[in-house]
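Comments concern the structure below.
Only this structure's heavy atoms are used, side chains among them; waters, hydrogens and symmetry mates stay out. Note on naming: letters A, B, ... go to the chains in the order of the sequence lines (proteins, then strands), and numbering restarts at 1 for each one. Please read these numbers as outputs of a predicted model, since none were measured by experiment.
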2 protein chains.
Amino acid sequence: MSKLQGNQALVKALAVIDAVADGHRQLKDICLVLGYPKSTVHRILQGLIEARYIREVKGIGLVLGTKVIQLGIRAQQDMPLKEIAKPYLRELSELTQETVHLGIKDEDHVFYLDKLPGQRQIQMRSQVGDRLPMSITGVGKALMLDMPKMEWKRLISSQTQQDVDAMMQRMNEYSKRDYSFDLEDNEDHVHCVAVPIRNKYGNIIAAVSVTSIKEYMPDDRMRELVPVITSYCKKISEQLN
Amino acid sequence: MSKLQGNQALVKALAVIDAVADGHRQLKDICLVLGYPKSTVHRILQGLIEARYIREVKGIGLVLGTKVIQLGIRAQQDMPLKEIAKPYLRELSELTQETVHLGIKDEDHVFYLDKLPGQRQIQMRSQVGDRLPMSITGVGKALMLDMPKMEWKRLISSQTQQDVDAMMQRMNEYSKRDYSFDLEDNEDHVHCVAVPIRNKYGNIIAAVSVTSIKEYMPDDRMRELVPVITSYCKKISEQLN
DNA sequence: AACTATAGTTTTGCATTGTGGAACGTTGAG
DNA sequence: CTCAACGTTCCACAATGCAAAACTATAGTT
């Protein structure tokens, strides 16, 4: 029941796409992972190959097809924010030398729309397309700033946090000042400063963060970065509509 | 009948995705374009939204979702060729100042895996993810070099060409010399030099082209470019496996 | 070459699922 | 307030997708 009814075929087909995306290259393999019978998966694969969502590479097996690349590009173009923000983020990355992220809210998660790697020797392993729980990232916390406290609580406690109360307190502070910090909340040694981007109605539609290892991100530098990032976010806001 | 049987639901769902990708932002609109009843499209949309293939943006409507971006990125990573070729293509683009394309065979079409825009004021409107008939592009003709003549004929005549015989003659010449030219075959004023990339077995798996307006691409320059591009393709080949 | 194992493909009867017409909600403009 | 336009839900029916099983293809082993 719970599942959406009347979409079994679709759900299965999308599961097959996911399986292939996850690196399962054989029919057998997909059947095993999904628990569907061979004939079902086979029929679905035929349809997906026909539609170029999946292609068969000799010697390798099933791989995501060119249609998926096409759609992915189209989907990115449907996010004008990304193009608008790009030059500002590049500047910010050059100015700070650090990794800059652009993220949007995606259900209860952050979705990284863009990443500028920065000039340090050491690099973050995050990448464009990553999707992480909101409360464990700097960008995510910035996206949460305007939410009601109940929502904070829900997100923080549902997303495997050490100490809910401490985080609630920090969120309180951040929301007053309109920025957020990430202090090894997700990843050891990683510190991050994030600021929201607002549309003309003042709603938060995205957030920008500057991230590095804590050795390069002492408290005072983090505080200094806030107004810098904020000014870039303002500029991006102005370009939106 | 004609279509693959037993995949109606999937075919319809993918058609809905395409409709949204093509800019149809409303249920009504999609129904009109596809000729499906409202309730059917509605149910499919529910499933696709649930799966994050499509999202609803207030004030805009239905747009491709973040899942599609994710899959698109994954699909590109499944093409290691792109990453391997990147630095060489960049160098080639800087050296020549012109637009550089990397394309692979995709059924009877070329699929542009990468595009380096070059430094000229004037730009090509092609973009990554474009899919064009093989015989009307330089990259496509390079991908055809090793095919049997029957295949040339099929592709050339099926893909709206002016003069099949003349093109066959040119292909003959190109296949002997292992490169191809595009001389306004597709687009007025556009000239293009393309060279295939081969794997260790000697099979053509991709092609690289340098493109510009004919004013920057006189005959003698095109001839000079052949060995230059060839040397870069060789380097890329060596990196494969 | 025969045998075995392992993968993919095709077939088929049946129950489930997806279908689409119609009725119902919702929203916003005049 | 009324109407129109669009989105949502409902439901009876049959076409569709399901899955077991039989079949084919390919590769590895004796």
Proximity to the side chain of [X] - top-ranked nucleotide from [options]:
X: B:L27; options: D:dT8, C:dG18, D:dT9; value: D:dT8
X: B:Q26; options: D:dG17, D:dC6, C:dA7; value: D:dC6
X: A:H42; options: D:dA22, C:dT10, D:dG17; value: C:dT10

Side-chain heavy atoms of [X] within contact of [Y], under 4.5 Å:
X: B:R154; Y: B:M147; value: no
X: A:L89; Y: A:I236; value: yes
X: A:D178; Y: A:R198; value: yes

Atom-pair distance ([atom1] on [X]; [atom2] on [N]), nearest Å:
X: A:L32; N: C:dG8; atom1: CG; atom2: C1'; result: 15 Å
X: A:I30; N: D:dA19; atom1: CD1; atom2: P; result: 16 Å
X: B:N7; N: C:dG18; atom1: CG; atom2: P; result: 12 Å
X: B:L45; N: D:dC6; atom1: CG; atom2: C1'; result: 13 Å
X: A:K58; N: D:dA27; atom1: NZ; atom2: P; result: 14 Å
X: B:E56; N: C:dT27; atom1: CD; atom2: P; result: 13 Å
X: B:L62; N: D:dC6; atom1: CG; atom2: C1'; result: 12 Å
X: B:L48; N: C:dG18; atom1: CG; atom2: P; result: 13 Å

| said: What's B:K12 touching, base or sugar-phosphate or nothing? Going by heavy atoms closer than 4.0 Å. | reply: sugar-phosphate
| request: Inspect the contact between A:R55 and B:D106 and indicate whether a charged nitrogen and a carboxylate oxygen are less than 4.0 angstrom apart. | output: no
Taking OP1 and OP2 of [N], is either one under 4.0 Å from a side-chain nitrogen or oxygen of [X]?
X: B:R43; N: C:dT19; value: yes
X: B:Q46; N: D:dT8; value: no
X: B:Q8; N: C:dT17; value: no

| Taking N and O atoms by type only, does the side chain of A:S39 place a donor or acceptor under 3.5 Å from a partner on the base of D:dA20? | yes
| message | Reading DNA chain C from 5' onward, which residue's closest nucleotide shows up sooner: A:K38 or A:L10? | response | A:K38
| message | Whether B:K12 engages the ring of B:Y36 as a cation-pi pair (distance to the six-membered ring centre under 6.0 angstrom, angle to the ring normal within 45°) should be assessed. | response | yes
